Structures are given as structure tokens and as C-alpha cells.
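Worksheet: one structure, shown below.
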2 protein chains.
Amino acid sequence: MDKPVDKGTEQQILQAAHRVIVRRGKSGTRMQEIADEAGVNKALLHYYFRSKDKIYHAILRNVASELFRSLLDSLDFSLPFYQLISDFIRLHIGAIRNNLDLFQFFFSEIWTNRAEVLPVFLEVLSVSEGRLPELFFARVNRAVYEKEIRPVDPLNLLLNIISLDVFFFVASPLIIELMELPESELQRMFDERALQVTDFVWESIKYRGEQ
Amino acid sequence: MDKPVDKGTEQQILQAAHRVIVRRGKSGTRMQEIADEAGVNKALLHYYFRSKDKIYHAILRNVASELFRSLLDSLDFSLPFYQLISDFIRLHIGAIRNNLDLFQFFFSEIWTNRAEVLPVFLEVLSVSEGRLPELFFARVNRAVYEKEIRPVDPLNLLLNIISLDVFFFVASPLIIELMELPESELQRMFDERALQVTDFVWESIKYRGEQ
DNA sequence: GTCTATACCAAGATAGAC
DNA sequence: GTCTATCTTGGTATAGAC
């Protein structure tokens, strides 16, 4: 089905640029490295994209939509609350594992390049999504009202879940070194992380009757 | 007490370098910017430090020890477990707030410069500390045994707490934009974060009798 | 469209006067 | 120890042949 390897030079360049920029960050990226990785001449990068800035922006938009697409897999807000957060955490962590490099890139660039990065992400986010938080907040409030869970602040709950999902993976290379875990053990923690988080969160919020 | 402003040129340069490197990251840093900020000539940077790499390494070690020092304020492991994690979280979050720029720098550099950054941090960590995790793990196991808390995996508990502490602050500029929170509201969340996390964690782990 | 060659410039580094 | 001037490198960008 696929054309052999030739997806057109422009695509070649874009894909190479994606890899290099995600790996090195903006100021660490060299046009030469992109050219090498794309198997074309440096001059061609400028022929197609005019400048490094232009390439960077193109990649930034790609990364942003990949990231958000990966986070917005369909959630069913009518499920029981335990099921909902269980699904949410599982999908979320799955997405993070599949796009670890993008998350790491994102957290690297957001500080050194905030002015450039934030607008792109906000724009992509606003078209692609918009009101996931509102839906979630409403569902949390209903769950409290219907005594599925104890009273909690929805925003803090969402942030807590995201913290537990994201940080572990973003920090994993560190954890490996600090804890001197064998690779196999880390792999196991990766696999179990979703269940672990779901359990931790649910134990914290589930309704247990008036205390 | 303090000498007026002249702490010696070398110190001037180090302090300027610290600010610039933390702000821009390694590859974003320009020797000229350091020189300007230190109020000296570019050539002097090389006179004192030979190369940009050397300066970067010096700053890296500084940052590493500042970060760890900030995280290792005395903990009293003989306190009741609730008191212990309450203290731990409060101290930890306090340290993060006071050194937000260092944390952000760290999470930026660790990905683009892993090979350079990790060894420095591991070395500084190994001399300055060593066995905080072990002490914590032992205390958790005792708390489980003595039915202060439900059975939990100590490593996961530690990682969960750190996630909840760190991520919120590292991601705060994003949260502001995404949630369109007013600055005042964010400030309030900052102030309450330690209590919020303590509550969330404690509700999850506290012993409630055989279920 | 793709290449070679080269212009141009910014940045790290050094020489040498003071 | 500090400066000015300069070298060198390497990176972005362009001109022009094919």
C-alpha cells in the first residue's frame, strides 16, 4: 500500500525535522542535522520552508495536535464515576506512554520558549477541544451530589489526576537512576501505573458515608 | 556587613551566569548576555572560566546542590505518620515555590542535555543525601504494620506525593492559560496546595479498619 | 527540484595592549 | 585583571548551475 519510501521531499524533511527538533529542542537543532536525517541537501530546507523558524513552527503545530489528539480519546461521562476515572486514567497514561518524547519535548520547550510555544498550543487546543474540563467538572459535582464520592474540588481533582499521570513518566529516566531500579522493574511499574493511580485516587475520593 | 556590591569579578560572573543559564538553558545562553549582566567584558568570562562548557558545569553543580538542599530540610521520622507526610509535603512544596526557576530549568535541561546533566545531579545527590528514600520506606512499612495507614507500596506512595507536589508548580503557567484563571485565584491555589495535597493523600491511605 | 558553492553573521575563543 | 581587536567556527541563508 505504502509508496516505497518516497513520500515526497517535503514530507521527508518534515519527518526528519520532527525527529530532530523533538530530540534537540529549538536552539539545539541544526539545519544540517535535519538535512542529513532527511537525506537531502541543506539548501532544500530553505527552498521548502524559507527559514528555521518556519520549520520550527510547523513542527510545533504538529506536536501540539498530536499531543491533544492523544489526550482526547472519547470519554463516556455517563459511566459510573469509578469507571469514568478508571477509563480516563488508563487512556491518559496510554497516550503519555505512546508519546513520551512529545511530552518531554513539550516540557523542555515550554520554559525556554514560552512566548513562542504557548500561543501555538493554546490555538490548537481551542480548536480541537474546548470544554473537556467543564464536562469533567460538572460530572464531578454530580458525583458528589449523588454520593458516589466525597465532596472534592473538581479543579484540584483534575490537576491531581493529571499530576499522577504525567509526572511519573516525564520523570522516569530520573527515577531509574535515583532508585537504581532495574529496567525490568521499571517496565512493570509502567504497566501497573494506571491501576496504581486509579486505586490511589479512588481510595481518596470514594464515598464512605457521613464521617 | 556586606561588601558594597563588589564581591569580586568571579562571583559577579558566576551570579550572572546562574541567572542567564537558568533563564535560557545551555544552548540558549550567550556568553555576551552573561557578560552584559555581570557588567564585564566577554573576554573576562574566558579569563576566569576558559569556556562556556566550564561555566555551564559550575552552574549545574550550584543548581543541583541548591535544589537538593531545599528538599532535604530536616524531617522527623518519629512523628505520627499523618504529621510526617504533612510536614514533608509542606516543606517540599515550600522548597519548590522558593526555587521554581530552578525546577523549571532542571526539567528543561534534563531532556535536551541528559548525558551532561544526570551525572552531575547524581553525584551531588549521592554526597549530600543518600538514604532519605530508605528511611521513608521503612517508616511507611512501620505505619502499615502499626495500622496507621492501609497497606501501600512505599515507592509508589513516595512517587505519588512527589508528583502531586512538583507537577502543579512546574505546570502552573500552563494551568493559568488553559483554565483562564485570574492571577489571584492561582495565588490562592498556590497557598493552599500543601493542605490540598496532604488531604488528598491522607484520605487515600489512612487506616479505616478492616474493610 | 536538487545540488554546489558561497555569502553572511553570530557566537565562542584568543592575542596582546594597558 | 581588564579591555579592544581579532580570529575561527559553525550555522543560517542565498545565488546560480544543472
Side-chain angles (χ1 to χ4, degrees), chain A residues 3-62 105 108-109 111-113 115-117 120, chain B residues 3-63 105 108-109 112-113 115-117 120:
Chain A
K3 288 277 178 58
V5 185
D6 191 304
K7 282 149 296 184
T9 308
E10 189 167 350
Q11 282 306 310
Q12 292 281 90
I13 292 174
L14 272 177
Q15 290 178 16
H18 188 283
R19 288 193 297 274
V20 174
I21 289 175
V22 164
R23 184 162 62 230
R24 307 255 183 239
K26 179 176 183 178
S27 56
T29 290
R30 302 287 162 253
M31 298 293 267
Q32 187 61 57
E33 189 173 359
I34 297 176
D36 291 347
E37 190 137 340
V40 301
N41 190 280
K42 229 180 15 167
L44 268 195
L45 306 192
H46 290 94
Y47 174 77
Y48 280 104
F49 295 96
R50 280 189 54 84
S51 75
K52 181 177 170 178
D53 271 353
K54 293 275 202 316
I55 295 183
Y56 181 70
H57 260 83
I59 299 305
L60 213 49
R61 302 181 126 278
N62 278 355
F105 166 77
S108 295
E109 295 287 287
W111 302 114
T112 40
N113 270 332
E116 212 171 350
V117 171
V120 174
Chain B
K3 290 275 178 61
V5 185
D6 191 303
K7 282 148 298 182
T9 309
E10 189 167 349
Q11 281 307 310
Q12 291 282 90
I13 293 174
L14 272 177
Q15 290 178 18
H18 188 283
R19 288 193 297 275
V20 174
I21 289 175
V22 164
R23 185 163 62 232
R24 307 254 182 240
K26 177 176 184 178
S27 56
T29 290
R30 301 288 162 254
M31 297 294 267
Q32 187 61 58
E33 190 174 357
I34 297 177
D36 291 348
E37 191 137 338
V40 301
N41 190 279
K42 217 177 36 161
L44 269 195
L45 307 194
H46 291 94
Y47 174 77
Y48 281 104
F49 295 96
R50 282 188 53 85
S51 74
K52 182 176 171 179
D53 271 354
K54 292 276 201 316
I55 295 183
Y56 181 70
H57 259 83
I59 300 305
L60 214 49
R61 302 180 127 277
N62 278 354
V63 171
F105 166 77
S108 296
E109 295 286 288
T112 41
N113 270 333
E116 213 170 350
V117 171
V120 174

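Below, chains carry the letters A, B, ... as their sequence lines are ordered, and counting in each starts from 1. Just so you know, these numbers come straight off a predicted model, no measurement behind them. Values reported hereafter were calculated over all heavy atoms of this structure, with side chains retained and with hydrogens, waters and symmetry mates removed.
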Can you measure from [atom1] ([X]) to [atom2] ([Y]) and round to the nearest 0.5 angstrom?
| X | Y | atom1 | atom2 | answer |
| --- | --- | --- | --- | --- |
| B:Thr9 | B:Gln11 | OG1 | CD | 10.0 Å |
| B:Glu116 | B:Lys26 | CD | NZ | 3.5 Å |
| B:Leu14 | B:Asn62 | CG | CG | 6.5 Å |
| A:Gln12 | A:Ile34 | CD | CD1 | 13.5 Å |

Nearest-Å distance, [atom1] ([X]) to [atom2] ([N])?
| X | N | atom1 | atom2 | value |
| --- | --- | --- | --- | --- |
| A:Leu44 | C:dA5 | CG | P | 15 Å |
| B:Glu33 | C:dA11 | CD | C1' | 13 Å |
| B:Lys26 | C:dA11 | NZ | P | 16 Å |
| B:Ile13 | D:dC3 | CD1 | C1' | 13 Å |

What string of B, S and - do you get for nucleotides 11-18 of chain D, 5' to 3', when a contact is any protein heavy atom under 4.0 Å?
-> SBBB----
What residues, two or more places apart in sequence or in another chain, satisfy side-chain contact (heavy atoms from CB on, under 4.5 Å) together with B:His46?
->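 Per chain and number, B:His46 pairs via side-chain contact (heavy atoms from CB on, under 4.5 Å) with B:Met31.
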Listed partners of A:Ser27 passing side chain to side chain donor-acceptor pair (under 3.5 Å), at least two apart | B:Ser27
